[in-house]
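Inspection log for the structure reproduced underneath, given as structure tokens.
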Amino acid sequence: AQWVRSQPQAWCANDANHFRWTRRFSVAELSGLVNKYHKVGTVTAIEPGARGRSGRLRSCRVTGTGGSVNIEKELGIRLAFGGLPSAVFTVEKTGAAFVFHGAGRGHGVGMCQHGARAMAAAGQSHEQILRHYFTGVNLSRINY
């Protein structure tokens, strides 16, 4: 939770919509979103489960007036909550709303497009950018 709400230095920190984000849903809004995929009734609780190395949720339990469901996998979790930018988030219920605080965008594998663009704008070469995102690689020219 502390890391999600922090502002660490990163090449993609200027991406205001996805570097660190907050989404707020009323209970009714969130219930409508979740029930498109999982019939749980009015959502009453969300319990984050296990996380992977990157901090992305691997599972999440949603409880509602009509039952509970354990949602598996990063994309399934994001979709169930209205297409969140990533599965790196914390969630809290505040009165009649659920507030998601999150970090990043996408599945967390590979190169950050916003970060790569910022590195290029700062004069970094394609080699520097690739080595930053893919540590330990050897770059070479392929002749056909």
Side-chain angles (χ1 to χ4, degrees), residues 1-40 42-64 68-144:
Q2 183 179 355
W3 182 83
V4 167
R5 293 188 183 203
S6 70
Q7 292 292 322
Q9 287 188 331
W11 285 103
C12 57
N14 64 347
D15 177 15
N17 291 324
H18 299 110
F19 181 64
R20 293 294 186 266
W21 49 266
T22 300
R23 302 291 188 274
R24 180 184 180 88
F25 301 100
S26 70
V27 170
E29 289 172 322
L30 190 65
S31 297
L33 293 169
V34 170
N35 279 276
K36 288 180 183 177
Y37 298 96
H38 308 283
K39 303 301 181 200
V40 297
T42 301
V43 175
T44 58
I46 299 170
E47 301 168 57
R51 292 184 185 271
R53 260 180 55 185
S54 68
R56 282 167 177 73
L57 284 171
R58 292 175 153 174
S59 67
C60 185
R61 185 158 191 80
V62 178
T63 302
S68 294
V69 65
N70 202 32
I71 305 170
E72 303 287 334
K73 299 185 180 179
E74 182 262 348
L75 182 58
I77 293 167
R78 291 170 53 194
L79 290 175
F81 300 127
L84 294 177
S86 83
V88 179
F89 64 81
T90 61
V91 61
E92 60 186 329
K93 187 174 182 189
T94 58
F98 285 92
V99 181
F100 294 77
H101 297 281
R105 177 177 180 213
H107 46 67
V109 178
M111 180 168 46
C112 171
Q113 294 175 26
H114 296 282
R117 183 174 39 234
M119 289 178 76
Q124 301 280 323
S125 71
H126 71 279
E127 293 170 344
Q128 291 170 307
I129 295 168
L130 289 170
R131 285 195 176 102
H132 174 76
Y133 287 102
F134 303 101
T135 58
V137 299
N138 292 313
L139 302 174
S140 62
R141 184 175 304 275
I142 297 175
N143 295 316
Y144 292 97

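- In this structure, the side chains of Val27 and Thr42 come closer than 4.5 Å at one or more pairs of heavy atoms.
- Taking each heavy atom of Val88 and Arg51 in turn, the nearest pair found is CA-NH1, 4.4 Å.
- Counting heavy atoms from C-beta on, the side chains of Val62 and Ser68 never come closer than 4.5 Å.
- Between the OG atom of Ser125 and the CG atom of Leu130 there is a distance of 8.5 Å, given to the nearest 0.5 Å.
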- Item | Cys60 vs Ile46, side-chain contact (heavy atoms from CB on, under 4.5 Å): CA-CA, chis, key distance, verdict | CA-CA 7 Å; Cys60 185; Ile46 299 170; 3.5 Å; yes
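- At least one side-chain heavy atom of Ser86 sits less than 4.5 Å from a side-chain heavy atom of Trp21.
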- Task: Report the C-alpha distance between Asn70 and Glu72 in whole Å, list the side-chain angles of each, state the deciding distance to 0.1 Å, and finish with yes or no for side-chain contact (heavy atoms from CB on, under 4.5 Å).
- Result: CA-CA 6 Å; Asn70 202 32; Glu72 303 287 334; 2.8 Å; yes
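- Between the side chain of Arg56 and the backbone N or O of Glu74 there is no donor-acceptor pair closer than 3.5 Å.
- The shortest non-hydrogen separation linking Val40 to Val34 is CG2-CG1, 3.9 Å.
- Going from atom CZ of Phe98 over to atom CZ of Arg24 covers 11.5 Å, rounded to the nearest 0.5 Å.
- Between Ile71 and His38, the closest side-chain pair of non-hydrogen atoms falls below 4.5 Å.
- The distance between the ring centers of Phe89 and Phe100 falls below 6.0 angstrom.
- For the atom pair CE (Met119) and NE2 (His126), the distance works out to 12.5 Å, reported to the nearest 0.5 Å.
- Interatomic distance, Leu84 CG to Arg23 CZ, rounded to the nearest 0.5 Å: 7.0 Å.
- The backbone N or O of Thr63 lies less than 3.5 Å from a partner atom in the side chain of Thr44, making a donor-acceptor pair.
- The structure places CZ of Arg78 at 14.5 Å from NZ of Lys73, a figure rounded to the nearest 0.5 Å.
- For Thr22 and His101, the side-chain atoms include at least one donor-acceptor pair closer than 3.5 Å.
- The minimum heavy-atom distance between Tyr37 and Leu79, with the atom names listed, is CE1-O, 3.5 Å.
- No side-chain heavy atom of Phe81 sits less than 4.5 Å from a side-chain heavy atom of Leu33.
- Counting only N and O atoms by type, the side chains of His132 and Gln124 include no donor and acceptor under 3.5 Å apart.
- At most 12 non-hydrogen atoms from other residues, nucleotides or ligands lie less than 6.0 angstrom from CZ of Arg58.
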